[in-house]
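Before any comments, here is the structure.
Proteins come first, then strands; the chains are lettered A, B, ... in the order of their sequence lines, and each starts at number 1. Below, each value reflects all heavy atoms present in this structure, side chains not excepted, and no hydrogens, waters or symmetry copies.
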Amino acid sequence: MTYAPLPREFYDRDSVVVAPELLNKVLRSGGRAGRIVEVEAYRGSVDPGAHSYRGCTPRNAVMFGPPGHLYVYFTYGMHWCANAVCGAVGEGLAVLLRALEPLAGEDEMTAARGPAARRSTDLCSGPAKMAQALGITGNLNGTDIISGADGVVIVDDGTPPPARPVQTTRVGLSAGAEHPWRWYVAGNPHVSRP
DNA sequence: ACCGGGATGTTCT
DNA sequence: GAACATCCCGGTG
């Protein structure tokens, strides 16, 4: 067991390459951790579904910064979602972390999620559920997930990515919905939707 | 099981 | 003023 943080070179590539390789890595936030089982790639100026499509704004500035940082955004008036920034500075690439299989801190996750989470598959089976379960909000936007200095890090525990991940179109988009840039671990019950 | 609507506030047109 | 990388609850079958 190595539990090595993913290095900068891992993130410094196109998000469409990084995304499927993030499957089966471990996201840790303080004492809570889970295996990444569902991701989506967002691709900047070529992707009308990406927040970064129309260029840098105060909201999406972190997406245009260095890879290996966390981009956290607020949506629908109540939900936070978290991405791993990829690619070179200025490209606006990121991978949305959509679902985890809980590995540690399940009691904290359950407390954070509230009464709606009755089963372990309710804890992190969606991007906003995952952020809520792990206590990730806007105050972690821009933090370094290579050093993990602010408590959030992605590590490799030695489990390889699935040889044959399921690839589909992304969830919840109007623009850019045709691109097949979502991947998940086949058969995993913690995925947001099959 | 599946579907429809409401919550709730930031961001950008 | 509209859209929004969502989720939850209550209806019906």
**Request:** Just need the stems in DNA chain B: three or more back-to-back Watson-Crick or G-U pairs, each with both distances under 3.5 angstrom, sorted by first number.
**Result:** B:1-7 with C:6-12, B:9-12 with C:1-4
**Item:** A:R35 side chain to A:T159 side chain, donor-acceptor N/O pair below 3.5 angstrom
**Value:** yes
**Message:** Does either side chain, that of A:Y11 or that of A:H69, offer a donor lying less than 3.5 Å from an acceptor on the other one?
**Reply:** no
**Request:** Classify every nucleotide of nucleotides 8-13 of chain B by which part a protein heavy atom approaches to under 4.0 Å, writing B for the base, S for the sugar-phosphate alone and - for neither, in 5'-to-3' order.
**Result:** BBS-SS
**Prompt:** Distance-only, no hydrogens or angles: does the A:D144 side chain make a donor-acceptor pair with backbone N or O of A:I146 under 3.5 Å?
**Reply:** yes
**Message:** Would the distance check show the side chain of A:S125 and the main-chain N or O of A:H190 forming a donor-acceptor pair, the cut-off being under 3.5 Å?
**Reply:** no
**Message:** Could you tell me if A:R170 sits above the aromatic ring of A:Y42, with its cationic atom closer than 6.0 Å to the ring centre and no more than 45 degrees from the axis?
**Reply:** yes
**Request:** Measure the shortest side-chain to side-chain distance between A:L70 and A:I136 over non-hydrogen atoms and say whether it is less than 4.5 angstrom.
**Result:** yes
**Item:** Contact residues, residues 88-101 of chain A to DNA chain C [heavy atom, < 4.0 Å]
**Value:** A:L96, A:R98
**Prompt:** Once the angle between the rings of A:H51 and A:Y73 is folded into 0 to 90°, is it parallel (under 30°), tilted (30 to 60°) or perpendicular (over 60°)?
**Reply:** perpendicular
**Request:** Look only at the side chain of A:N141 and the backbone of A:V72, and say whether a donor-acceptor pair between them is shorter than 3.5 Å.
**Result:** yes
**Request:** Measure the spacing between CD of A:Q132 and CG of A:L123 and express it to the nearest 0.5 Å.
**Result:** 10.0 Å
**Fill in**
Taking C:dA5, C:dT6, C:dC4 as options, the one with an atom nearest any side-chain atom of A:S174 is C:dC4
**A:N83 side-chain N/O to A:Y71 backbone N/O, donor-acceptor pair under 3.5 Å** = yes
**Request:** Search all heavy atoms of A:P194 against all heavy atoms of A:R182 and return the closest pair with its distance.
**Result:** O-NH1, 4.0 Å
**Asked** Under a 4.5 Å cut-off applied to non-hydrogen side-chain atoms, are A:C81 and A:L96 in contact?
**Response** yes
**Request:** Give the rounded distance in Å between these two atoms: CG of A:L123 and P of C:dT6.
**Result:** 19 Å
**Asked** What is the distance from CG of A:N83 to C1' of C:dA5, rounded to the nearest Å?
**Response** 8 Å
So which protein nitrogen or oxygen atoms get under 3.5 Å of nucleotides 2-6 of chain B's nitrogens or oxygens?
none

**Message:** Is there a side-chain contact between A:H51 and the phosphate of C:dA5, meaning an N or O under 4.0 Å from OP1 or OP2?
**Reply:** yes
**Request:** Nearest 0.5 Å please: distance from the OH atom of A:Y53 over to the OG atom of A:S45.
**Result:** 8.5 Å
**Complete:** Expected string for nucleotides 8-13 of chain C under the B/S/- scheme (protein heavy atoms, under 4.0 Å, primed atoms plus P, OP1, OP2 as sugar-phosphate) is S-----
**Prompt:** Do the side-chain N and O atoms of A:R43 and A:S15 include a donor-acceptor pair separated by under 3.5 angstrom?
**Reply:** no
**Request:** Side-chain contact test, heavy atoms from C-beta onward, threshold under 4.5 Å: evaluate it for A:V152 versus A:R28 and give yes or no.
**Result:** no
**Item:** Side chain proximity check, A:E38 to A:V185, heavy atoms < 4.5 angstrom
**Value:** no
**For DNA chain C, the residues among residues 41-49 of chain A that have a non-hydrogen atom under 4.0 Å from it** = A:Y42, A:G49
**Request:** Answer yes if A:L6 and A:L134 sit in the same cluster of Ile, Leu, Val, Met, Phe, Trp and Tyr residues linked by side chain heavy atoms under 4.5 Å apart, and no otherwise.
**Result:** yes
**Prompt:** Are A:Y184 and A:T168 close enough that some pair of their side-chain heavy atoms sits under 4.5 Å apart?
**Reply:** yes
